[in-house]
2 protein chains.
Amino acid sequence: MPKLSKSEIVAAKLRTYSINKGLKPGDRLPTEGELAEQFGVSRVSVREATKALGFLGIVDAAPRRGLSVGKVSMKRLSRYLSFHFALADYPLDELIDTRIVVETGGLRRVAERMAKDPSIYEQLNAVNDKLRRATKKSEWLQGEVEFHCLLVASSGVRALAAFNDLVQVFFQKFRAGFSKSRWKNGIRGHQEIIDTLRKGDYQTATALLTEHINVHRDRDKLLKKKARSKNAAKSGEVSGSASA
Amino acid sequence: MPKLSKSEIVAAKLRTYSINKGLKPGDRLPTEGELAEQFGVSRVSVREATKALGFLGIVDAAPRRGLSVGKVSMKRLSRYLSFHFALADYPLDELIDTRIVVETGGLRRVAERMAKDPSIYEQLNAVNDKLRRATKKSEWLQGEVEFHCLLVASSGVRALAAFNDLVQVFFQKFRAGFSKSRWKNGIRGHQEIIDTLRKGDYQTATALLTEHINVHRDRDKLLKKKARSKNAAKSGEVSGSASA
DNA sequence: GGACGCCGAATTGTAAGACAATTATAATCG
DNA sequence: CGATTATAATTGTCTTACAATTCGGCGTCC
């Protein structure tokens, strides 16, 4: 159990403070100086906490205006996470399992809401259309994530959607090496899924979506096999030191 | 475009630095002092950046060892999702939906793993036994959360478990007013669920668990009806400290 | 009387220096 | 050779100070 630093404690206290006061995005917080006094730490420690939270958009700071509560945006989070993907490896199998649980778990509600509100289908359709028009890989990657996030968000279960945003960000790197023929397959799969949902058949849609996500699992196995045979050839890899 | 603060610039430079050097988790970074000199800023600015990245687990810092590239963990990121939860204040219905999706979503894997490893059943059983011996409400509350967390953790999908831990915490306040007769029912429900899982019948277990969680939904409707007629003042009782 | 600009004060942003806390490495002793 | 202690390097925290930014009011000019 790692000991928490003061700035982390301050961050935690800020959270409970926000909860206690029932603060909503936009509400003002005490100034750094007041927080320092209230928490019994120096302004530096408070700053390290608020600054870190500021990176994530959780708090907003400006001179003279002071601190205020921001809105946590997964976009913001993913900005700082993005460069880390190349380095960190979360086990793909578990990520896929997670995706399947979260995405398929919302499907019944998506179908229900779709029946009441046709615009949900239209939105999903629009994203998939945009995906068809994508030419650059970056466009496609973004659209792919957007589709799956919108799908879960369409369930109306916002907590689930927030978590899913995060998972998608983690997953992004595995999508990177997809060939163009796979794109087309994926887009067809999306269309099948939302069309099936519109008919109210969420069970078939669940099977389709599960298959759609499981494609990555097969791909990963191939990659690993390749890596193994390559590794067998040269087995003396030591990572370089970091100092300049 | 908002002007970037120096610490944000430092964070960005750290990114290009890491990418250029091709660093992997565990690799060492220059010290705060060296970075400050290299980037032409004070150590304070460097610290604000590394601290923020440290919150996310992207960098790891320890005295004498210095800075190193860290491994991003779902658990770590869940801490920031908790801010999201705190600020968003989701209605109970959505939390229940979330719980159902996450907890039932893991059941198939729990059953599979249980077949291979009987100790999983034993552990769940032990927690439920402890629950039977509980006398104080606080004991029961803790045990209840422990059971549901262990259940999801038993699926072996760690990201899902991390998220579930979070949901349980936010759900806890709704459990507070349960009567003792409900306890007994809940414990019987737990037993049924794990016994059914041991038989490998995860589908029946899914139905049982869904029902078990849905009990809270009914209760909430009653409470709301009462609250409407009373139209009482709101009580915001949340106390907490930084958990380790 | 109203719009415009300017000035001052409050607050965050950045800096430098010092010391405490922690821990990896080296030195020492049995 | 192993365990223990000493040392040094590095982060963690505090204090103080000042620069940068911006909000609010005040005065001036039309």
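On a predicted model such as this, the values are computed, not experimentally measured, just so you know. A note on names: the letters A, B, ... follow the listed sequences, proteins ahead of strands, and every chain is numbered from 1.
- Non-hydrogen atoms lying under 4.0 Å from DNA chain C are contributed by P63(B), R64(B), R65(B), all within residues 60-67 of chain B.
- Counting heavy-atom neighbours within 6.0 Å of Q142(A) CD, excluding the residue itself, gives a total of 12 or less.
- Taking the side chain of K51(A) as heavy atoms from C-beta on, and the options dG13(C), dT10(D), dG12(D), the nearest nucleotide is dG13(C).
- Taken from CD1 in I120(A) to CZ in R113(A), the straight-line distance is 4.5 Å, to the nearest 0.5 Å.
- We find that CD of E37(A) is positioned 12 Å from P of dT15(D), with the value rounded to whole Å.
- Atoms CG (L29(B)) and P (dT10(D)) sit 13 Å apart, rounded to a whole Å.
- Checked against a 6.0 Å centroid threshold, the rings of F171(A) and H148(A) do not count as neighbours.
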(message) With side chain to side chain contact (heavy atoms under 4.5 Å, CB included) as the criterion, how do V167(A) and V102(A) come out once you've worked through the C-alpha distance, each side chain's angles and the decisive distance to 0.1 Å?
(response) CA-CA 9 Å; V167(A) 177; V102(A) 171; 5.5 Å; no

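- The shortest distance between the side-chain N/O atoms of S45(B) and the OP1/OP2 oxygens of dA15(C) is below 4.0 Å.
- A distance of 11.5 Å separates CG of L14(B) from OG of S7(B), quoted to the nearest 0.5 Å.
- Across the protein-nucleic acid pair, E34(B) atom CD and dA9(D) atom P stand 12 Å apart, rounded to whole Å.
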Tabulate below the donor-acceptor pairs under 3.5 Å that side-chain atoms of residues 58-65 of chain A make, not counting sequence neighbours, or state none.
unit_1: D60(A); atom_1: OD2; unit_2: R65(A); atom_2: NH2; d: 3.4

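- At whole-Å resolution of the value, CG in L35(B) and P in dT10(D) are 12 Å apart.
- Where pairing requires Watson-Crick or G-U contacts shorter than 3.5 Å, the helical stems of DNA chain C with at least three consecutive pairs are C:1-30 with D:1-30.
- Side chains of V44(B) and V44(A) form no contact here, defined as non-hydrogen atoms less than 4.5 Å apart.
- Note: CG (L4(A)) to P (dG12(D)) measures 12 Å, nearest angstrom.
- Note: CZ (R47(A)) to C1' (dA15(C)) measures 11 Å, nearest angstrom.
- Rounded to an integer number of Å, the gap from E32(B) CD to dA18(C) C1' is 15 Å.
- With hydrogens and angles ignored, no donor-acceptor pair under 3.5 angstrom links the side chain of R43(B) to the base of dG17(C).
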(request) Walk me through it: do K130(A) and E139(A) pass the test salt bridge (Lys or Arg N to Asp or Glu O under 4.0 Å)? (result) CA-CA 9 Å; K130(A) 196 169 72 178; E139(A) 286 173 345; over 6 Å; no

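- Here the CZ atom belonging to R158(B) is positioned 4.0 Å from the CD atom belonging to E94(A), to the nearest 0.5 angstrom.
- Straight-line distance from the NZ atom of K6(B) to the C1' atom of dT12(C): 15 Å, rounded to whole Å.
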